[in-house]
Amino acid sequence: MAAVTAAKQTCYYNESILFFYNNSHKPISETWRTQDYIVVSLGLTVCVFIILANILVMTAIFVNRRFHYPIYYLLGNLAAADLFAGLAYMHLMFHTGPWTQKLTVYQWFLRQGLIDTSLTASVINLMAIALERHQTIFTMQLHSKMTNQRVLLLILGIWVVATLMGLVPTMGWNCVCNLKKCSMMAPLYHKDYLVFWAVLNLVSFTIMVVVYTRIFMYVRHKSQRMSQHTTQVKHKETVVSLMRTVFVILGCFVICWTPGLVLLLLDGVTDDTFVLKVEKYFLVLAEFNSLMNPIIYSYRDQDMRRTFKRILCCLCPRAGQRGEHAGVHFNTLDQEAGRNPKDDLITMTQPNGTQLVLREAEDLQNCTET
């Protein structure tokens, strides 16, 4: 009886990765195939765009004081999470295919843990932003009254939870000591953990759907009531813009995440080898969500879009030499509210004598300073 118990507790940390892949019947290519080249090339391309887009977002939030509010801090943290996701996925691309069998058990856990941490952080950030918008809109506020300390604690909590989720398999919830429960998609992961992770993310998605649905219904109701007493065209445009943003957010999340989450559930509850044929493509699709987040949450903001242009202009030597943009100074919202619109206009005389009226000249920074 003691021998049987000891056999059940046998762990295989010293075994090679090939041992676990053979146990799960997941093939590892010994040479580079066309499929491997396609997946790696596509993955690296997506990673480059993810990294550049999120660096641009983080830079814009840092340099523009108009964005120094809780919602933008959360957007900045979302960009940081997506940036980390791009780096983690790039690390995966350089440790996949024929390179996989050269990894040790702990190196494999690191590879997968980075992905789990980054993607979990992105999902939790999306949910935090949804809850923040829900609180501000229902209290008729433009920005949340959360202090910087609370926002910092919230961001810290997001990363703590995401890191713990990435460490859970390494800390013991794996199949190294129970080979019968090994996943096919992730041969060292316990099937129960994959089901848990997939369900947790689906619950987060459901919460987002409920929150944004409530926001949509509330804003639509307020818009109908206001339209009976006033003709504020700008308010109606804001409502329409919000409705479009909601649909884009939910649609992007469903398209990018649902296939992968369903695949994880299938891997956890069945032994169908179909999951192995499409897993890499679904992983790339899920990673696209990290690329879309900066576009959806930031690029639709006119101030953010304007800041993007100024940052990119500063990186363009020709624009700087022409002096197209000089003297960037980002005002706060309070300063914007008390500013005379006429102050935004300056007159410039061309060499041919023509006068040009320019707007927002005071918001431009000298990109040619050395």
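Values reported hereafter were calculated over all heavy atoms of this structure, with side chains retained and with hydrogens, waters and symmetry mates removed.
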So with a 6.0 Å cut-off around OH of Y13, is the heavy-atom count from everything else above 12? yes
Can you classify the ring geometry of W173 versus Y193 as parallel (below 30°), tilted (30 to 60°) or perpendicular (above 60°)? perpendicular
Would you give the length of the straight line joining atom CG of L103 to atom CG of L110, rounded to the nearest 0.5 angstrom? 9.5 Å
Using a 3.5 Å distance criterion without hydrogens, assess whether the side chain of D116 forms a donor-acceptor pair with backbone atoms of M165. no
Are M127 and L153 grouped together when hydrophobic residues (ILVMFWY) are joined by side-chain heavy atoms under 4.5 angstrom apart? no
Linked, directly or transitively: V210 and L131 (ILVMFWY side chains, under 4.5 Å): no
To the nearest 0.5 Å, what is the distance between CG on N125 and CD on E132? 12.0 Å
Check: T45 side chain, S41 main-chain N or O, donor-acceptor pair, under 3.5 Å: yes
With no hydrogens and no angle check, do the side chains of W108 and Y189 hold a donor and an acceptor under 3.5 Å apart? no
Can you check side chain to side chain contact (heavy atoms under 4.5 Å, CB included) on N77 and W159, steps first, answer last? CA-CA 10 Å; N77 190 48; W159 282 105; 2.8 Å; yes
When clusters are formed by joining ILVMFWY residues with side-chain heavy atoms under 4.5 Å apart, either directly or through shared neighbours, do I55 and I155 land in the same one? yes
Is any side-chain heavy atom of I50 less than 4.5 Å from a side-chain heavy atom of Y89? no
M217 atom CE, over 12 foreign heavy atoms within 6.0 Å: no
Taking the side chain as every heavy atom from C-beta outward, state whether L261 and V199 have any atom pair closer than 4.5 Å. no
Treating K26 as the side-chain partner and M185 as the backbone partner, does any N or O pair qualify as donor plus acceptor under 3.5 Å? yes
For atom CZ of F19, is the number of surrounding heavy atoms from other residues, nucleotides or ligands below 6.0 Å larger than 12? yes
Derivation and outcome, side chain to side chain contact (heavy atoms under 4.5 Å, CB included), residues F308 and V57: CA-CA 8 Å; F308 286 168; V57 172; 3.8 Å; yes
Is it true that D271 and K191 make a salt bridge, defined as a side-chain N closer than 4.0 Å to a carboxylate O? yes
Can you find a side-chain donor-acceptor pair between T120 and W197 that sits under 3.5 Å? yes
Could you verify whether a donor N or O on one side chain and an acceptor N or O on the other, from S29 and D36, lie under 3.5 Å apart? yes
Beyond-backbone contact of R111 with Q107, side-chain heavy atoms, under 4.5 angstrom: no
Using modelled atom types and a 3.5 Å cut-off, is there a donor and acceptor pairing between side-chain atoms of H25 and backbone atoms of T273? no
Whether H95 side chain and H91 backbone form a donor-acceptor pair below 3.5 Å: yes
Hey, what's the ring geometry for W99 with W32, parallel, tilted or perpendicular (30° and 60° as the breaks)? perpendicular
Examine distances only and state if a side-chain atom of T258 and a backbone atom of I255 form a donor-acceptor pair shorter than 3.5 Å. no
